[in-house]
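A note on names: the letters A, B, ... follow the listed sequences, proteins ahead of strands, and every chain is numbered from 1.
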Amino acid sequence: MENKTIARTLRFLSQLMELHEENPFKIKSIANAYFKVDKLPFALKDKPINEIDQIEGIGKGLAAKIVELLQTGELKELNDIIGQTPEGVIEMLGIKGIGPKKILIIWRTLGIESIGELYYACNENRLIEAKGFGLKTQEEIKNAIEFKLAANGRFLFAQVEGYANTLFTQISEWLITIDNHSLLGFAGQYRRACEIIDELEIVIGAENIEHVQDQLTFFKPLSLIAGEEAFMTTTEAGLRVKIFVVNKSDFYLEWFKLTGNPEHAEKVLKLAGDGPFANENEIYTKAGLSFIEPELREDFDEIELAKADKLPVLITDKDLKGSLHNHSTWSDGVHTLEQMAVYCKDVLNLEYLGICDHSKTAVYAKGLNEQRVFGQHQEIDELNQKLAPFKIFKGIESDILSDGSLDYSDDVLKTFDFVVASVHSNLRMDEAKATARLLKAIENPYTTILGHPTGRLLLSRAGYPIDYKKIIDACAANQVVIEINANPLRLDLDWRWHRYALEKGVLLSINPDAHRTDGFHDTRYGVLVARKGGLSADKCLNAFSLEEISKYFDSRKR
DNA sequence: GCCGTTTTCGGCCCGACTGTTTTCAGTCG
């Protein structure tokens, strides 16, 4: 069992114990163990059992729980408490904005045991009767439920990716035994690298279409049901899977149509005429267009750009020369500054790392006060000597406070090579307030990059509303780079606004926000959405070479 | 349930903000 699973199990246990009003200090130590386990730089399963209780925050009791999990994959105490809690009440833990205390009242005082009932109660204005609940809380809960329901059956690209690749391999190996010369490809949202996936679509171009169709219902990994247009199923997790079987001769046309999006495909085919087509390239050629990458096929402005041969050369993973906005053990990261740097240098072959630990207001994340900023800078200077020509840039993720100011005085801010300014608190502002707050941060002369502009968490939290045009225009006017936070939950700035930012001359930066060496690989998701947004390497800050970005940071210094 | 011992049990305790209160509890990052 991985640390992450152990950590989640402990958090779950602590939440359930809160719902059953157990000793708050006991709960706290279990919740604390969740944080600790989540941040361990080694795998618990590789640790000798008798050393587990030596870990800080984990004593005899928790070590026993962890060992039980490692050895049996289960925890009796957890199973028991799950048995004493209605399923719907447990589900409520997934609603943003209410915690165990409020859920306890909803459950015990109001007698509500499911999310459906809770939603109904909001509509009936019944929540305000309970102590600690008012109109605003009721409205918040109602909105949060609606957001959660809308996320049902929808998944992050990154959640689907592993399953999709495994399935693809299974189908492709199976096809060799059934129809050895067939063609195969992903289509739909997945091929277009959409940030949210609610349907995984796969197309088979079969030589012997009847045979493949006959056999497909016996394909073991899925229990497929033959529908009118495709073979369908829903995975245990709730993801719909559709497999289309077409004649090999029609494959490229059908693949193109099913890749979509429908509006894009329809417009291109109107220009290209009827097939057959030998490949997708031919479709675009016959339409008088340059080839349009799947990521761009969203019926935005890509067809006009292709007509004028003005499509951007989309950025790729290989274009990235460095990684900005990452954390270390100085704040809430798992790996040390040196480990993070060496990983970038030796494993990722990057030229530079920007380290941006949390600023002092983020106490929960061990944010750096002025003295520790100075200490970190000393360590960076030493490491830069040791690792040269690789370079660590002195950055900070400075909290944007509620009034829009940054978290340090100008004297401190000027000691950084660059500053990522982001919002972490007071996330419930309306559009006018949130926009004004960001504008003030953008206008701060020390702000280099605006971090995750809306604070959204895909499928989980909407993020505060902002006036995108005002924000982007201000970034253009103040030479502030906008982050594409590459965490698959964020992907913020949204790709639908990349084009506007690029038109205004704003640079974008694909930042993994890594809290451990593994986290650097999230960059991949940032690149995918940046491609959807139409980003080319020359407009991406961390595609600059070390020399170019050094000059850039120097030019921005006050 | 963990920690740190005055070695056997008492203390443990982010801060800001919001909404619901009438002085505070719950939630968040």
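At whole-Å resolution of the value, CG in A/Leu127 and P in B/dG19 are 15 Å apart. If you measure from atom NE2 of A/His424 to atom C1' of B/dG15, you get 15 Å, rounded to the nearest angstrom. Distance CD (A/Glu140) to P (B/dT18): 11 Å, rounded to an integer number of Å.
Taking atom C1' in both B/dC2 and B/dT7, the straight-line distance is 16 Å, to the nearest Å. Spacing of C1' atoms, B/dC9 relative to B/dA16, comes out at 34 Å, to the nearest Å. Separating the P atom of B/dC12 from that of B/dT18 is a span of 29 Å, rounded to the nearest Å. Nucleotides B/dC13 and B/dC3 have their P atoms positioned 13 Å apart, rounded to a whole Å. Between B/dT20 and B/dG26, the two P atoms lie 14 Å apart (nearest whole Å). When the P atom is used for both B/dT5 and B/dG11, the distance is 16 Å, rounded to whole Å. Atom name P, nucleotides B/dG1 and B/dT6: the rounded distance is 25 Å, in whole Å. Taking the P atoms as reference points, B/dT8 lies 29 Å from B/dC14, given to the whole Å.
By the 6.0 Å and 45° rule, A/Lys414 does not stack over the aromatic ring of A/Tyr446.
Listed by chain and residue number, A/Phe157, A/Phe186 satisfy the ring-ring contact (aromatic ring centres under 6.0 Å, His included) test with A/Tyr190 (two or more places apart in sequence, or in another chain). Take A/His325 and apply the ring-ring contact (aromatic ring centres under 6.0 Å, His included) test, not counting sequence neighbours, and it matches A/His327. Under the side chain to side chain contact (heavy atoms under 4.5 Å, CB included) criterion, A/Lys148 pairs with A/Ile95, A/Ile115, not counting sequence neighbours. Among residues two or more places apart in sequence or in another chain, the salt bridge (charged side-chain N to carboxylate O under 4.0 Å, His left out) test is passed with A/Asp518 by none. Checked against ring-ring contact (aromatic ring centres under 6.0 Å, His included), A/Tyr525 has no partners two or more places apart in sequence or in another chain.
Pairs of residues two or more places apart, or lying in two chains, that qualify as salt bridge (charged side-chain N to carboxylate O under 4.0 Å, His left out) and include a residue from residues 108-130 of chain A are A/Glu124-A/Arg126.
Ring pair A/Trp497/A/Tyr468 is parallel by interplanar angle, where below 30° counts as parallel and above 60° as perpendicular. Ring geometry for A/Phe418 versus A/Phe553: interplanar angle under 30°, hence parallel rather than tilted (30 to 60°).
At least one side-chain nitrogen or oxygen of A/Asn426 sits closer than 4.0 Å to the OP1 or OP2 atom of B/dT18. Between B/dG15 and A/Lys360, no contact under 4.0 Å exists linking OP1 or OP2 to a side-chain N or O.
Across all strands shown, A/Thr361 has no heavy atoms under 4.0 Å from either base or sugar-phosphate atoms.
For residues 5-20 of chain A, proximity to DNA chain B is found at no residue, defined as any non-hydrogen atom under 4.0 angstrom from a strand atom. Within residues 66-84 of chain A, no residue has a heavy atom under 4.0 Å from DNA chain B.
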Report each atom pair, protein N/O against N/O of nucleotides 20-26 of chain B, whose distance is under 3.5 angstrom.
unit_1: B/dT20; atom_1: OP1; unit_2: A/Gly134; atom_2: N; d: 2.6
unit_1: B/dT20; atom_1: OP1; unit_2: A/Gly134; atom_2: O; d: 3.0
unit_1: B/dT20; atom_1: OP1; unit_2: A/Leu135; atom_2: N; d: 3.1
unit_1: B/dT20; atom_1: OP1; unit_2: A/Lys136; atom_2: N; d: 3.4
unit_1: B/dT20; atom_1: OP1; unit_2: A/Thr137; atom_2: N; d: 3.3
unit_1: B/dT20; atom_1: OP1; unit_2: A/Thr137; atom_2: OG1; d: 3.2

Run the side-chain donor-acceptor check on residues 333-343 of chain A: report pairs under 3.5 Å with partners two or more places apart or on a different chain.
unit_1: A/His335; atom_1: ND1; unit_2: A/Thr517; atom_2: N; d: 3.0
unit_1: A/Thr336; atom_1: OG1; unit_2: A/Gln339; atom_2: N; d: 3.0
unit_1: A/Thr336; atom_1: OG1; unit_2: A/Gln339; atom_2: OE1; d: 3.3
unit_1: A/Glu338; atom_1: OE2; unit_2: A/Lys386; atom_2: NZ; d: 2.7
unit_1: A/Gln339; atom_1: OE1; unit_2: A/Thr336; atom_2: N; d: 2.8
unit_1: A/Tyr343; atom_1: OH; unit_2: A/His521; atom_2: NE2; d: 2.7

For residues 138-145 of chain A, please give each side-chain donor-acceptor pair under 3.5 Å, one per line with the distance, not counting sequence neighbours.
unit_1: A/Gln138; atom_1: OE1; unit_2: A/Leu127; atom_2: N; d: 3.0
unit_1: A/Gln138; atom_1: NE2; unit_2: A/Cys122; atom_2: O; d: 3.4
unit_1: A/Gln138; atom_1: NE2; unit_2: A/Asn125; atom_2: OD1; d: 2.7
unit_1: A/Lys142; atom_1: NZ; unit_2: A/Asn123; atom_2: OD1; d: 3.2
unit_1: A/Asn143; atom_1: ND2; unit_2: A/Glu139; atom_2: O; d: 3.4

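Residues A/Phe393 and A/Tyr352 bring their aromatic ring centres within 6.0 Å.
Of the candidates A/Arg496, A/Arg531, A/Lys532, A/Glu195 forms a salt bridge (charged side-chain N to carboxylate O under 4.0 Å, His left out) with just one, namely A/Arg496. For the side chain to side chain donor-acceptor pair (under 3.5 Å) test with A/Asp513, the passing option among A/Asn485, A/Asn487, A/Thr523 is A/Asn485; the others fail.
Across all strands shown, nothing is found opposite B/dT8 as a Watson-Crick or G-U wobble partner with both distances under 3.5 Å.
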Nucleotide-resolved protein contact map, nucleotides 2-14 of chain B, B/S/- at heavy-atom distance under 4.0 Å: SS--------B--

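Counting heavy atoms from C-beta outward, A/Ile484 and A/His498 have side chains that approach closer than 4.5 Å.
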